[in-house]
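Only one structure is covered here, and it is reproduced in the block below.
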Amino acid sequence: DLPRGEREAAGRRIASLADYTDEPLLGARLTLRRLGHPPTKRPWVADASALVNGRLMAAHTTGPTAVTAADEAADRLRRQLRRAAGTEVAQRDEPVAIRAALEALGLDRVQRPEARRKPPEQRRVVHRKVYGDELEPTLSAVADLLDLDYEFHLFRHVRTQEDVVVYRRNDGWVGLIHPPGSPLADEDDIVVTEPSRYSSPMTLDDARAEMDIVNHRFLYFVDANDGRGKVLYLRHDGDYGLVEPA
């Protein structure tokens with residue numbers, strides 16, 4: 001239902017990113033969608049991504065119109081391009097590069113898509129995402145989190161083979177959530193370590209019941225059925241999504 005003129009204007013915002021890098025801008029995409037209910041001041045959501053110098057970068061923003069949402073996404077990607085200029089792919093997970101990224105890509109909650117608040121009894125687990133079993137160090141996971149503009153990133157840690165989560169905290173830092181008693185509690189480079197609030201494994205039904213009460217953006221838990229770490233999160237449409245190992 002987006003008029004052609006607005007659609008083309010939004011597309012030009014993303015195309016203009018090519019002016020900010022000497023590297024080829026490959027696979028640039030922009031997806032726009034409108035959140036219908038309940039009414040909100042920023043109903044348009046923009047999901048933009050581009051492949052630059054071997055790095056996939058993304059931005060997820062909102063706006064009162066489709067074009068302003070696209071503007072916000074293009075601006076966020078521009079800041080990522082400026083940050084990545086002169087930084088080789090192999091250096092993306094260096095502490096200095098990550099600190100610079102945290103400073104350049106401040107977390108503006110106003111621009112973040114808000115989840116619709118359905119009554120708990122109407123929420124369903126309607127979508128499941130999987131992630132690979134590749135082992136990853138903390139700094140590499142944080143780099144993924146920033147490059148893809150995620151709220152959280154579930155991964156399998158190279159040090160302990162545990163499924164853990166890095167996420168953007170409201171204070172501007174990155175948190176690392178791990179099972180209680182994990183050796184990862186001593187990780188102190190870039191991240192703030194946090195043991196899971198749940199001292200024992202729980203079923204998906206238990207996690208869903210907990211989310212119904214606490215209304216967090218996401219909930220990390222160890223599944224009692226298979227011992228793997230998973231994340232139940234609140235989708236933009238008000239239902240639940242589940243991220244689990246492949």
Side-chain angles (χ1 to χ4, degrees), residues 29 31 33 35-38 45-47 49 56 58-62 107 109 112-136 138 140-158 160-170 174-182 184 191 193-246:
R29 291 178 56 87
T31 301
R33 64 186 187 279
L35 304 179
H37 302 286
V45 177
D47 295 310
S49 63
L56 179 63
H60 312 286
T61 57
T62 62
L107 186 62
R109 288 292 177 191
R112 304 302 293 183
E114 294 184 12
R116 177 185 174 191
R117 295 293 181 177
K118 283 185 179 179
E121 64 274 9
Q122 295 181 13
R123 301 172 189 172
R124 300 172 298 152
V125 180
V126 298
H127 183 63
R128 296 178 182 231
K129 293 183 179 179
V130 298
Y131 69 95
D133 254 357
E134 301 87 1
L135 297 174
E136 195 171 13
T138 298
S140 178
V142 174
D144 288 340
L145 177 80
L146 297 174
D147 280 354
L148 298 176
D149 201 21
Y150 285 160
E151 292 277 345
F152 63 85
H153 175 52
L154 179 67
F155 69 104
R156 193 174 176 212
H157 205 285
V158 67
T160 62
Q161 286 76 59
E162 296 167 319
D163 305 301
V164 296
V165 171
V166 286
Y167 76 101
R168 295 295 304 271
R169 290 162 47 105
N170 290 334
V174 173
L176 170 65
I177 306 177
H178 56 76
S182 170
L184 296 177
V191 298
T193 58
E194 307 169 27
S196 170
R197 66 174 63 202
Y198 307 105
S199 58
S200 58
M202 57 202 305
T203 64
L204 176 58
D205 287 341
D206 291 336
R208 185 252 161 79
E210 183 73 5
M211 277 286 281
D212 286 348
I213 296 171
V214 299
N215 273 322
H216 289 319
R217 184 70 187 89
F218 70 90
L219 185 151
Y220 162 80
F221 68 102
V222 176
D223 195 320
N225 292 320
D226 58 15
R228 299 301 300 270
K230 301 178 182 180
V231 170
L232 190 67
Y233 67 98
L234 193 59
R235 290 161 39 104
H236 301 152
D237 59 10
D239 286 318
Y240 292 131
L242 179 68
V243 183
E244 59 185 344

> Do the rings of His153 and Phe155 sit parallel, tilted or perpendicular, given the 30° and 60° boundaries?
Replying inline: parallel
> Does the Tyr220 side chain pair with the main chain of Asp163, one donor and one acceptor, at a distance under 3.5 Å?
Replying inline: yes
> Judged by modelled atom types alone, do Tyr233 and Glu151 share a side-chain donor-acceptor pair under 3.5 Å?
Replying inline: no
> For the residue pair Ser199 and Pro180, what are the closest heavy atoms and their distance?
Replying inline: CA-CG, 4.0 Å
>> Looking at every non-hydrogen atom in both residues, tell me the closest pair between His157 and Leu135 and how far apart they are.
In response: O-CD2, 3.8 Å
> Which pair of non-hydrogen atoms, one from Leu154 and one from Lys230, has the smallest distance, and what is that distance?
Replying inline: CD2-CA, 3.9 Å
> Does one side chain, of Glu194 or Tyr167, offer a donor that lies under 3.5 Å from an acceptor on the other?
Replying inline: yes
>> If the test is side chain to side chain contact (heavy atoms under 4.5 Å, CB included), which one of Phe221, Tyr131, Phe218 qualifies with Val231?
In response: Phe218
>> Between Asp226 and Arg228 (salt bridge meaning N to carboxylate O under 4.0 Å), is one present in this structure?
In response: no
> Can you find a heavy atom in the side chain of Leu148 that is under 4.5 Å from one in the side chain of Leu56?
Replying inline: yes
> Which one of Lys118, Arg123, Arg208 satisfies the side chain to side chain donor-acceptor pair (under 3.5 Å) criterion with Tyr240?
Replying inline: Arg123
>> Do Pro195 and His178 have side chains that approach each other closer than 4.5 Å (heavy atoms only, starting at C-beta)?
In response: yes
>> Please determine whether side-chain contact (heavy atoms from CB on, under 4.5 Å) holds for the pair Asp212 and Glu121, giving the CA-CA distance in whole Å, both sets of side-chain angles, and the decisive distance to 0.1 Å.
In response: CA-CA 8 Å; Asp212 286 348; Glu121 64 274 9; over 6 Å; no
> Just by distance, with hydrogens left out, do Asp144 and Tyr150 show a side-chain donor and acceptor under 3.5 Å apart?
Replying inline: no
>> Using side-chain heavy atoms (C-beta onward) and a distance below 4.5 Å, is Glu134 in contact with Arg156?
In response: no
> Can you check side-chain contact (heavy atoms from CB on, under 4.5 Å) on Phe152 and Ile177, steps first, answer last?
Replying inline: CA-CA 10 Å; Phe152 63 85; Ile177 306 177; over 6 Å; no
> Looking only at heavy atoms, which two atoms of Pro179 and Val222 are closest? And how far apart?
Replying inline: CG-CG2, 4.5 Å
>> Please report the interatomic distance CG(Leu219) to CD1(Ile213), rounded to the nearest 0.5 Å.
In response: 11.0 Å
>> Can you tell me how far apart NE2 (His60) and OG1 (Thr62) are? Round to the nearest 0.5 Å.
In response: 12.5 Å
>> I need the minimum non-hydrogen distance between Ser182 and Thr160, along with the two atoms involved.
In response: OG-CG2, 4.4 Å
> Are the side chain of Asp47 and the backbone N or O of Thr31 linked by a donor-acceptor pair below 3.5 Å?
Replying inline: no
>> Quick check for you: to the nearest 0.5 Å, what is the distance between Asp149 atom CG and Thr61 atom OG1?
In response: 8.0 Å
> Which pair of heavy atoms, one from Leu232 and one from Leu204, lies closest together, and at what distance?
Replying inline: CD1-CD1, 4.1 Å
> Are Asp239 and Arg124 close enough for a salt bridge, meaning some N to O gap below 4.0 Å?
Replying inline: yes
> In Å, rounded to the nearest 0.5 Å, how long is the span from CE of Met202 to CG of Asp223?
Replying inline: 9.5 Å
